[in-house]
Every structure is written in C-alpha cells, then in structure tokens.
Amino acid sequence: MTVSLKSIIEGLLFVSDIPLTPAKISNVTDGVSKDRVQKTLDELVAEYEELNRAFVLTYVAGGYQFRSRAELSSYILQLKKKAPARISRAALETLAVIAYRQPVLRAEIEKIRGVDVGGTLKTLLEKDLIRIVGRKDLPGRPMLYGTTKKFLEIFGLPSLEALPTLEEMDSMGMNTDEGRLF
Amino acid sequence: MSLSVKLEIYEGPLDLLLHLIKKHEVDIYDIPIALITTQYLEYLKLIESFNIELAGEFLLMAATLTQIKSKMLLPVLNEDGDDEEEDPRMAIVLPLLEHMKIKDAAEALERREILDRDVFSRTTSLEDIGIEEEELISVSLFDLLDSFRKIISRIEDKTHMEIILETKNIEDRISEIIDLLKLMREAAFEKLFIKDRSRGELILTFLALLELARIGLIRIFQNQTTRDIKVHYVEESELAEAGESEEEKLLEPDHTNDKIIELKRNGDQAG
C-alpha cells in the first residue's frame, strides 16, 4: 500500500504539537526534497482553507501547524476550563519595542516606554517570549534583547519580517485612536 | 497621614504627557508648552500629595518641560536667518512620537489571533501564558486621578469647613470598602466617596482603593465609551485560584467593552 506524500505530511502535522518546518518534514520522509514538501504544504493550506473546517493549516514561526479558527475560542476555553491567555499592556509594549528594535538594550526600551522595565523583562524572559541575544560592546557590557520563536508562535507570525512596519501601521490609520486611553 | 504608598506603575511620564495632549486635543507638533507644563506639574503635585513615591523619570520630565518652557520664552536671535534654531519642543515631540508608534504596535500585536486566547493548536502544553496574573491592578492611574480630582473639587466647592477629626485610619476604610463591595460586587468609583466629608477622608478612601487594587482584592475597570470607572470586587474563590481560575473566570462580568488598563506593578525590586 502506498501512501501519498500529502497524506504523510498531513499525518505528521496532525500529531505534532509544534509547527513543523519543511526541513523537518523532509528529514522524516526519507529525504523528499524540501521543494516538494513545500509545494505539498501549500496545497494542504489551500485545501483546508477551502474546506472551511474548524481548523486551518497556519504558517507560523517558520513552520506549519493546525490551529482552530478564532470564532471557536469561547467554546474551546470552556472545554479546557481555562482563562484565555492574557498579556498585560506593559508586556505588550515592551514586546513591541523589542520586536521592532532588536537587538535592543534595556536602556533603549526604557527610553521609548518612559518607565522602568526590569520586572517586565524578567517576566518575558521567564515566559520565553524574549531572550538575551548578546552583549553590547559598551562599558558594563549590557545585555541585548531579542524575541524568541515562541513569540512568533504566540502571535501567529510566520517570521519577524511578517510584522507590519511601524510606518505601514501609520498609513493603515491605526494611529487614529478613538477610545484609546492615552 | 504619614502613610507612604509605593506604587510602581506601568505608565510613565510619556504616558502622562500623551494623556494631557489627548485631553486638551492639542496638536502634538505644536504643543502649547506652558499649558501642558502647568498641567503636568499639577498632576505631579496631586500624586505627591498622596505620598505616592514618584519614579525619578517623572521629575526628569518635569525638568525637561520647564526647560523647554523657558527656552520658548527667550527671543530667538536669528542673525540673517542663518542658523535656524530648532524648536525646543522637539526634545519631547520626538520621544512622544516614538512612544505612540510603539503603543500602536502593541495594540496591533494584541489584535492578532493569539495562541491560547483566540486560536488553539493540537495538544498545546496547556501552560498558561498568563503574563499578567500576578501583577494586574487594572486601571490607568491618570484616569483615576482625573475622577478623583472631580470628586475633590466637588467638595471644595462647598463652603470650606474642614473639621479635622480623623479618627479613621486606612485599615478601617479598607474593611468598610470590602464590606460594601462584598454586598454589591461592583460599584461606581465616585459612589465610594459619597460619605466622605473632608479632603482627608477622600484621600483616605482613594488610598484604600489603591491598596485594595494592589493586593488584588478589587479590580478597577473603565468603560471605554462612557469613561465611567467601576470597582469590581474579586471573590475570594477567584483569589484562591488566581491564575488557574477556572469557571469563575468565565462567569466574570463581560468587560469586553471595558478597557482594562493595568497599573502594572513590577514587583518591588524591579530595578
């Protein structure tokens, strides 16, 4: 019995709890070329999208993963008996600075946010949303921060390049802020 | 009152400036520096009157603002219009713009389909990301202060007759508020000041509320459209399960329309 490459990949994706990269899939399929894997993945993405099922094949953090549709969140949360993941404003703003300005020093983050970020950085490090990417060649060799793969996974980003640029956001009119607090 | 509250807030001087700029609907590129400086200093005075320890950044900004203000007063001596003096206000406009951009970026991040909030993958580790659970106090200090100022001014409008007979202390006030909220679960912010007769009592209530928020017994929400501030009592059962809270969380009143603003406390040795 022969199994199609598409079925194999679909099965791998079905059981995986992390996004699978084309390279990883290629590794476990006796070296089917990455191009072929990628092409098959593209087909699968399109098929699931078209089927309009409860879940879609999402391209995230450089890999592929089945994810439920956002409209189902309230039911899923009840099933899991869980409060939705919440990320505080302070964490979000600090993450935003790091995502856009990395590698970035703590002092630079504080300059932009205008407040001490020591505690927030600690929490973000613990949650593996940011990491120390190096040290700057300055007195005291201060640490440089960057975002992690988990950051991409949590925010559903294929890669850092997928973040809209700050300038794009301006032109998308998100700057006009009715109901914003500050 | 010799009580000193140390509060680490996630909002800094730039947030306060933005708050003032929005409030007075002024052009960020043409900030009326005298007005904004005066207002800014008033806020600092107000905050300090509660003995809340201000982060040094607030004072630094106050100095910067005052400096800009005085520079603006000096005549610009332009010889042959040669060296164009830079607008001294740029010293704050640029950081403000950068700050706003990041706020927008943070909001854009929040609007994304977030894993374990909006979308779910197969067998996630189910580990909660719950980044804020331990430190959510939920409220914009500046909006709180605005409300509080209104309340204070109401009292001060009345013929001034402050009889200082302060027998109450903050602990008493805290337990009074808890009793009230246990009964009502939720109350309008202003309503909690209704019995206060003097400035001292008002401040006591305000500090009691801050303390309650800090220890997580209450949450303070603001409705985005009406801007009404509501104080919500956190049930003990919710407290006990803080973080892992299960059904309670789902039964919580729907505050989707309320903007939850966190007064973020970064732990005591955040530095």
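Letters A, B, ... are given to chains in the order of the sequence lines, protein chains preceding strands, and every chain is numbered from 1.
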> Given B:E98, which of A:R113, A:K111, A:R101 fulfils the side-chain hydrogen bond (donor to acceptor under 3.5 Å, both in side chains) condition?
Replying inline: A:R101
>> Counting neighbours of CZ on A:R36 that are heavy atoms of other residues, nucleotides or ligands and sit closer than 6.0 Å, is the number greater than 12?
In response: no
>> Other residues, nucleotides and ligands only: do more than 12 of their heavy atoms fall within 6.0 Å of CG on B:D30?
In response: yes
> Heavy-atom count around A:K122 NZ within 6.0 Å, excluding the residue itself: above 12?
Replying inline: no
> Can A:R67 be said to sit on top of B:F120's aromatic six-ring, NZ or CZ under 6.0 Å from centre and within 45° of the ring axis?
Replying inline: no
> Once you round to the nearest 0.5 Å, how far does CG of B:D116 lie from OG of A:S73?
Replying inline: 11.0 Å
> Counting only heavy atoms not in A:D137, do more than 12 fall under 6.0 Å of its CG?
Replying inline: no
> What do you reckon, is CZ of B:R149 surrounded by more than 12 foreign heavy atoms closer than 6.0 Å?
Replying inline: yes
> Do other residues, nucleotides or ligands put more than 12 heavy atoms under 6.0 Å from the NZ atom of B:K23?
Replying inline: yes
> Considering only heavy atoms, which portion of A:F55 lies under 4.5 Å from any heavy atom of chain B: side chain, backbone, both, or neither?
Replying inline: neither
> In Å and rounded to the nearest 0.5 Å, what is the CG to NZ distance from A:L92 to B:K103?
Replying inline: 10.5 Å
> Given the rule in the side-chain contact (heavy atoms from CB on, under 4.5 Å) test, do A:L166 and B:D104 qualify, once you have shown the distances and angles that lead to the verdict?
Replying inline: CA-CA 8 Å; A:L166 294 177; B:D104 287 340; over 6 Å; no
> Quick one: CD1 on A:I98 to CD1 on B:I102, what's the gap to the nearest 0.5 Å?
Replying inline: 10.0 Å
>> Looking at chain B, which one of A:G156, A:P19, A:G114 has the largest number of heavy-atom pairs inside 4.5 Å, strictly under?
In response: A:G114
> Can you say whether B:E113 sits under 4.5 Å from chain A via the side chain, the backbone, both, or neither, judging by heavy atoms?
Replying inline: both
> Which value, rounded to the nearest 0.5 Å, describes the distance between A:I112 atom CD1 and B:L96 atom CG?
Replying inline: 12.5 Å
>> So, taking the atom named CG in B:L109 and the one named CZ in A:F151, what distance separates them when rounded to the nearest 0.5 Å?
In response: 5.0 Å
> Who among A:L157, A:L72, A:I18, A:T94 has the most heavy-atom pairs with chain B under 4.5 Å?
Replying inline: A:L157
> Is a salt bridge present between B:E107 and A:R89, judged by a nitrogen-to-oxygen distance below 4.0 Å?
Replying inline: yes
> What distance separates A:I154 CD1 from B:R117 CZ, expressed to the nearest 0.5 Å?
Replying inline: 11.0 Å
